[in-house]
J.: 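One structure is given below, represented as structure tokens, and several questions about it will come after.
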Amino acid sequence: LHRQIREGQTDKRYYLLAHGEIMQGAQVMQLKYPLHKSLLANGERRVRVDPEGLPSHTALRVKKIMQRADTAITLAEAQLKTGRTHQIRVHLSHQGHPLVADALYGGRPARGMQRQALHAAELAFAHPITRAPLSFEAALPPDLAAAWQQVLGAAQ
């Protein structure tokens with residue numbers, strides 16, 4: 001399984017809410033930035049875009065844009081092509097669209113959100129022994145679903 005992950009043979013999809021209106025047009029947006037990970041004295045991991053970092057790739061599909069007055073929130077699906085620490089969070093922050101409630105990478109708090117608006121929704125890979133395709137989906141947990149509903153309702 002680790003080899004499949006390392007070689008990009010898995011399909012990992014996340015749903016997210018990001019600040020602002022992400023304009024991608026009709027195509028999937030390919031975010032490719034080298035990422036550098038560092039460890040703070042307190043043990044916290046921080047990641048930044050850095051030309052000397054490791055290659056990373058996120059495919060982003062905008063699902064819906066909610067607009068209210070001067071505030072916009074984008075609902076999107078992110079597909080990981082690589083699996084770097086905090087990859088989605090750093091890619092979107094670098095684009096100027098941090099995740100809702102992601103204080104570490106510039107996201108503003110939102111009513112009802114106790115954690116960043118990111119959900120690991122789907123995982124697919126080949127069984128390590130039989131090679132049979134396996135696919136798993138995870139519904140939004142109740143706390144996140146309720147918070148997203150509040151945020152999405154407030155943005156419309």
J.: What's the spacing between T71 OG1 and E21 CD if we round to 0.5 Å?
T.: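 Nearest 0.5 Å value for the OG1-CD distance: 12.0 Å.
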J.: Does H119 use its side chain to pair, donor to acceptor, with the backbone of A138 at less than 3.5 Å?
T.: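 Between the backbone of A138 and the side chain of H119 there is a qualifying donor-acceptor contact (under 3.5 Å).
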J.: Measuring from L75:CG to K63:NZ, what's the distance to the nearest 0.5 Å?
T.: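 One finds 8.0 Å between CG of L75 and NZ of K63.
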J.: In the single-linkage hydrophobic clustering (I, L, V, M, F, W, Y; side-chain heavy atoms under 4.5 Å), do M113 and L140 co-cluster?
T.: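 Yes, it is one cluster - the side chains of M113 and L140 are joined through contacts under 4.5 Å.
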J.: With the side chain counted from C-beta on, respond yes when R3 and Q9 share a heavy-atom pair under 4.5 Å apart, and no when they do not.
T.: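 Side-chain contact under 4.5 Å: yes.
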J.: Could I get the full list of side chain to side chain donor-acceptor pair (under 3.5 Å) partners for E52, not counting sequence neighbours?
T.: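 With sequence neighbours excluded, E52 shows a side chain to side chain donor-acceptor pair (under 3.5 Å) to no residue whatsoever.
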J.: For the residue pair T58 and L92, establish whether any side-chain heavy-atom pair is separated by less than 4.5 Å.
T.: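 T58 vs L92: side chains apart.
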J.: Which ring-ring contact (aromatic ring centres under 6.0 Å, His included) pairs, counting each pair once, include a residue from residues 64-88, with sequence neighbours left out?
T.: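 Passing the test, one end in residues 64-88: H86-Y105.
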J.: How many angstroms lie between atom CG of L134 and atom OG1 of T10, to the nearest 0.5 angstrom?
T.: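 One gets 12.0 Å once the value is rounded to the nearest 0.5 Å.
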J.: Out of curiosity, does V49 fall in the hydrophobic cluster containing L104 (side-chain heavy atoms, cut-off under 4.5 Å, transitive links)?
T.: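 Both belong to a single hydrophobic cluster.
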J.: Going hydrophobic residue to hydrophobic residue with side-chain gaps under 4.5 angstrom, can you get from Y14 over to V90?
T.: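 Yes; V90 is reachable from Y14 via cluster members.
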J.: Give me the atom names and distance for the closest heavy-atom approach of T82 to S56.
T.: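 Of all heavy-atom pairs spanning T82 and S56, the closest is OG1-CA, 3.1 Å.
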J.: Which pairs pass salt bridge (charged side-chain N to carboxylate O under 4.0 Å, His left out) with one or both residues in residues 75-91, sequence neighbours excluded?
T.: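 Sorted pair list: R13-E77, R61-E77, R89-D102.
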J.: Please say whether more than 12 non-hydrogen atoms of neighbouring residues, nucleotides or ligands are located less than 6.0 Å from CD in Q114.
T.: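 No, not enclosed.
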J.: How close do L118 and W148 get, heavy atom to heavy atom, and via which atoms?
T.: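 The answer is N-CZ2, 4.1 Å.
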J.: Minimum heavy-atom separation for A117 to L99, with atom names?
T.: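 Nearest heavy atoms, A117 then L99: O-CD2, 4.3 Å.
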J.: Using the test side chain to side chain contact (heavy atoms under 4.5 Å, CB included), find all partners of L40 that sit at least two apart in sequence or belong to another chain.
T.: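 Only N42, E44, R46 meet the side chain to side chain contact (heavy atoms under 4.5 Å, CB included) criterion with L40.
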J.: Return the minimal non-hydrogen interatomic distance between P34 and P51, and the atom names on each side.
T.: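 Answer, listing the atom of P34 first, then P51: CG-CA, 3.9 Å.
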J.: Any ring-ring contact (aromatic ring centres under 6.0 Å, His included) pairs touching residues 24-43, not counting sequence neighbours?
T.: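 Sorted result for residues 24-43: Y33-H91, Y33-H94.
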J.: Starting at CG of D11, measure out to CD of Q4 and round the result to the nearest 0.5 Å.
T.: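 With rounding to 0.5 Å, CG (D11) is 12.0 Å from CD (Q4).
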J.: Mind checking whether I88 and L60 sit in one hydrophobic cluster, side chains of I, L, V, M, F, W, Y counted as touching below 4.5 Å?
T.: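 Yes, it is one cluster - the side chains of I88 and L60 are joined through contacts under 4.5 Å.
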J.: Is it the case that one hydrophobic cluster holds both V100 and V62, taking links as side-chain heavy atoms less than 4.5 Å apart, direct or via other members?
T.: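 No, it is not one cluster - the side chains of V100 and V62 are not joined through contacts under 4.5 Å.
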J.: Would you say that I65 contacts I73 through its side chain, given a criterion of any heavy-atom pair below 4.5 Å between the two side chains?
T.: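 No, too far: nothing below the 4.5 Å cut-off.
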J.: Working to the nearest 0.5 angstrom, can you tell me the gap between L31 CG and H57 NE2?
T.: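 L31 CG to H57 NE2: 7.5 Å, rounded to 0.5 Å.
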J.: Indicate the atoms forming the closest heavy-atom contact of G83 with K12, along with that distance.
T.: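 Shortest heavy-atom contact: CA-NZ, 4.1 Å.
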J.: Got a sec, which residues hit side chain to side chain contact (heavy atoms under 4.5 Å, CB included) with R108, two or more places apart in sequence or on another chain?
T.: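 Counting only residues at least two positions away or on another chain, R108 forms a side chain to side chain contact (heavy atoms under 4.5 Å, CB included) with H19.
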J.: Could you report the tightest heavy-atom contact between G106 and P98, atom names first, then the distance?
T.: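 Result for this residue pair: O-CG, 3.4 Å.
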J.: So, T74 side chain and G20 main chain: donor-acceptor pair closer than 3.5 Å or not?
T.: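 Present.
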J.: Just how far is it from atom CD of Q87 to atom CG of L35, taken to the nearest 0.5 Å?
T.: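 Between atom CD of Q87 and atom CG of L35 there are 6.0 Å.
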